[in-house]
A.B. asks: 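I am attaching a structure below and will ask some questions about it afterwards.
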There are 2 protein chains.
Amino acid sequence: MSNKHNRLEELVARLRERGCRLTPQRMAVLKILTAGNCHPSVQEIYCQVRDEFPMMSLATVYSTLALLKEMGEVQELSWDGCRRYDAASSSPHPHLICLQCGEIVDLESDLLGNVADEIARRTGYQIVSHRFEFFAICPRCQEAACAASVGG
Amino acid sequence: MSNKHNRLEELVARLRERGCRLTPQRMAVLKILTAGNCHPSVQEIYCQVRDEFPMMSLATVYSTLALLKEMGEVQELSWDGCRRYDAASSSPHPHLICLQCGEIVDLESDLLGNVADEIARRTGYQIVSHRFEFFAICPRCQEAACAASVGG
DNA sequence: GTTTCTGCAAAATATTTGCATACGC
DNA sequence: GCGTATGCAAATATTTTGCAGAAAC
């Protein structure tokens with residue numbers, strides 16, 4: 001919890017450094033992005049922010065996300081037609097995505113070991129970042145599917 | 001090269017098994033997807049197919065891709081606003097994507113080792129597939145950047 | 001006071017859908 | 001000949017843009 005709070009403060013500090021203004025709308029988006037283990041879509045952010053700021057515009061959500069993305073402070077996850085955002089930390093880490101319910105779990109980044117270095121060495125490419133996603137069925141959805149097949 | 005040809009035949013066989021019709025339009029899309037080491041966008045496929053079939057509709061490209069995706073025969077790569085398709089093989093493998101020129105290199109899937117198994121064991125998630133992408137600068141673009149900085 | 005950010009609305013883009021027709025099997 | 005796939009066009013969804021006014025610093 002204090003972790004999350006720190007992340008929020010970190011983001012605020014980064015924006016200040018950059019000379020960006022900390023408008024209430026921006027703060028609201030930051031709060032949502034750093035609250036709990038969430039990986040919201042644009043619409044989810046928009047809806048939540050509107051609870052607090054009914055006048056809030058979608059364009060502002062997009063522009064805030066674009067800013068954070070450009071700063072490297074959020075990871076954009078996209079698969080199929082979905083785009084979700086993760087501001088958990090500035091360093092990329094693997095994700096486990098449930099194809100059924102859409103739940104997303106963050107995994108530790110040390111899973112990869114030195115794969116990136118090895119690839120850089122072998123290919124000559126200069127690795128900037130990476131994205132590593134597992135598409136899966138979460139335990140709850142597995143149970144649900146199992147119960148359904150037994151039941152019917 | 002014969003590899004690519006085999007992949008085309010494999011896709012044709014899969015479609016036949018499934019009772020799908022092998023229309024000229026579909027064949028054209030398959031040929032493009034299995035030609036060389038390409039990772040085309042919908043538009044690229046559309047443009048190339050139209051060289052051969054000027055009447056070809058975009059909707060047909062979309063529907064063919066949707067079919068192949070559903071069959072698990074193409075991987076969809078999406079990052080930022082881009083979506084590209086890879087039909088290199090039915091098993092997922094890592095990609096190395098140049099952020100500058102958009103070139104995509106396929107990597108061997110054994111880079112991962114048994115990470116997927118380990119995650120499945122630790123989390124209880126049932127892994128269906130994965131996507132593993134490195135965003136990088138390719139050697140050519142590195143040189144170009146270097147030359148530019150020396151030159152100017 | 002200056003400059004950036006916001007809200008609005010329209011525009012641009014990307015993708016999906018419905019339906020009559022064409023054509024692979 | 002049957003039934004699926006196609007082409008077209010309209011519908012839908014998503015994201016971007018321009019601009020006047022608001023407000024953070």
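Order of the sequence lines fixes the chain letters, A, B, ..., with proteins taken first and strands second; residue numbering starts at 1 for each chain.
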A.B. asks: So does A:Arg26 get a backbone contact from the side chain of A:Thr64, meaning a donor-acceptor N/O pair under 3.5 Å?
C.D. replies: no

A.B. asks: Take the protein atom CH2 of A:Trp79 and the nucleotide atom C1' of C:dT15, then report the distance between them rounded to whole Å.
C.D. replies: 18 Å

A.B. asks: Passes salt bridge (Lys or Arg N to Asp or Glu O under 4.0 Å), B:Arg50 versus B:Glu52? Steps please.
C.D. replies: CA-CA 5 Å; B:Arg50 277 170 80 100; B:Glu52 208 178 334; over 6 Å; no

A.B. asks: List for me each residue that meets side-chain contact (heavy atoms from CB on, under 4.5 Å) alongside B:Cys38, sequence neighbours excluded, and say none if there are none.
C.D. replies: B:Pro40

A.B. asks: Rounded to whole angstrom units, what separation is found between the CZ atom of A:Arg50 and the C1' atom of C:dC8?
C.D. replies: 12 Å

A.B. asks: Any donor and acceptor pair, going by atom type alone, linking the side chain of B:Glu76 with main-chain N or O of A:Asp80 inside 3.5 Å?
C.D. replies: yes

A.B. asks: Could you tell me which residues satisfy salt bridge (Lys or Arg N to Asp or Glu O under 4.0 Å) with A:Glu118, sequence neighbours excluded, listed by chain and number?
C.D. replies: A:Arg122

A.B. asks: Just say parallel, tilted or perpendicular for the rings of B:Trp79 and B:Phe135, cut-offs at 30° and 60°.
C.D. replies: tilted

A.B. asks: Which value, rounded to the nearest 0.5 Å, describes the distance between B:Ile137 atom CD1 and A:Tyr125 atom OH?
C.D. replies: 10.0 Å

A.B. asks: Between CG of B:Leu107 and NE2 of B:His95, what distance do you get to the nearest 0.5 Å?
C.D. replies: 8.0 Å

A.B. asks: Please confirm whether the backbone N or O of B:His39 pairs with a side-chain atom of B:Arg84, one donor and one acceptor, at under 3.5 Å?
C.D. replies: yes

A.B. asks: What residues in residues 25-33 of chain A put a non-hydrogen atom under 4.0 Å from any atom of DNA chain C?
C.D. replies: A:Gln25, A:Arg26

A.B. asks: Can you check whether B:Gly124's main-chain N or O pairs, donor with acceptor, with A:Gln142's side chain at less than 3.5 Å?
C.D. replies: yes

A.B. asks: What is the distance, to the nearest angstrom, from the CG atom on A:Asp80 to the P atom on C:dA14?
C.D. replies: 17 Å

A.B. asks: Output one line per pair: protein atom, nucleotide atom from nucleotides 14-21 of chain D, and distance, for all N/O pairs under 3.5 Å.
C.D. replies:
residue	atom	partner	partner atom	Å
D:dT15	OP1	A:Arg83	NE	3.2
D:dT15	OP2	A:Tyr62	OH	2.4
D:dT15	O5'	A:Tyr62	OH	3.3

A.B. asks: Between A:Arg131 and A:Glu133, is the closest basic N to carboxylate O distance under 4.0 Å?
C.D. replies: yes

A.B. asks: In whole Å, what is the span from the CZ atom of A:Arg18 to the P atom of D:dC25?
C.D. replies: 16 Å

A.B. asks: Dump every N/O contact between nucleotides 21-25 of chain C and the protein below 3.5 Å, one line per pair.
C.D. replies:
residue	atom	partner	partner atom	Å
C:dG24	N2	B:Arg21	NH2	2.7
C:dC25	OP1	B:Leu22	N	3.0

A.B. asks: Apply salt bridge (Lys or Arg N to Asp or Glu O under 4.0 Å) to the pair A:Glu70 and A:Arg18, showing each step before the final yes or no.
C.D. replies: CA-CA 12 Å; A:Glu70 192 209 312; A:Arg18 213 173 190 265; 2.7 Å; yes

A.B. asks: How long is the line joining CE of B:Met56 and P of D:dC8, in whole Å?
C.D. replies: 11 Å

A.B. asks: Are OP1 or OP2 of C:dG7 and a side-chain N or O of A:Thr60 less than 4.0 angstrom apart?
C.D. replies: yes

A.B. asks: Rounded to the nearest angstrom, tell me the gap between atom CE in A:Met55 and atom C1' in D:dA22.
C.D. replies: 12 Å

A.B. asks: Nearest 0.5 Å, please: how far is CG in A:Leu65 from CD in A:Glu73?
C.D. replies: 13.0 Å

A.B. asks: Expressed in angstrom and rounded to an integer, what is the separation of B:Phe53 atom CZ from D:dA5 atom P?
C.D. replies: 16 Å

A.B. asks: Can you pull out how bent the helix from C:dG1-D:dC25 to C:dC25-D:dG1 is, comparing the axes over its first five and last five pairs, to 10°?
C.D. replies: 50°

